[in-house]
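Below, all heavy atoms of this structure are taken into account, side chains as well, without hydrogens, waters or symmetry copies. The first residue in the sequence is number 1, and the count goes up from there. On a predicted model such as this, the values are computed, not experimentally measured, just so you know.
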Amino acid sequence: KVTYFKMDENQYFPGNNKKIDAYAEYFDAPAIPMLLDSVEIGFIGHAISEENYIRMQHVTVKIFKAENGQPVGEYLAWGLYDLLDIEYDAGMPSGIYYGSDLPIVIDFPFFIVVTGIPMEDVANYNLTIGMAPWRNYGNTAYLRKKGEDKFIPANSYFGADKHTSYYIT
């Protein structure tokens, strides 16, 4: 089951939000080296109109090594989702990034970091990333508050003893 929730009239989590400027999904090191050749994000939201396209053209995706619960160093790969290209098929919108800097070999823990989601609902357009329902263990979802440098686990932002994952694979 994929979900998200509305925080108030014009803010969503994970997605349009005035207080959060980046979302990150943590991945453990694979048991054996793997070849990462694409990133998929399950977006949920209204289709964007061309009039809003000028204000919010791209969502940025970057892959970083993970160290002490933080993305570190220079990004290893990056790409842009053009918001007009995000498909909204059968209620599960998604975008897949196949970058010119992919594939890369992964044999370490890493983060996929997403930025550029509009900060608030613009002309009835919102964009959220699907997430797993809250559970009692296994958090892999992180966020960065606007104006801060460090990412924090999503559950600590809400002061909840619940865990989740974003639809980022």
Residue pairs passing the salt bridge (charged side-chain N to carboxylate O under 4.0 Å, His left out) test where at least one lies in residues 130-145, sequence neighbours excluded | Asp21-Arg144
Who pairs with Asp28 by side chain to side chain donor-acceptor pair (under 3.5 Å), at least two apart in sequence or on another chain?
-> Tyr26
How many angstroms lie between CG in Leu102 and CH2 in Trp78, if you round to the nearest 0.5 Å?
-> 11.5 Å
If you round to the nearest 0.5 Å, how far is CD1 of Ile152 from CG of Asn139?
-> 10.5 Å
Please tabulate, for the side chains in residues 66-75, all donor-acceptor contacts under 3.5 angstrom to protein atoms that are two or more places apart in sequence or on a different chain.
from, atom 1, to, atom 2, distance (Å)
Gln70, OE1, Phe151, N, 2.8
Gln70, NE2, Phe151, O, 2.7

Which heavy-atom pair separates Ala141 from Ser165 by the least distance, and what is that distance?
->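 Heavy-atom minimum between the residues: CB-CA, 4.1 Å.
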Which atom pairs, one a donor and one an acceptor, fall under 3.5 Å between side chains of residues 105-115 and the rest of the protein, sequence neighbours left out?
none

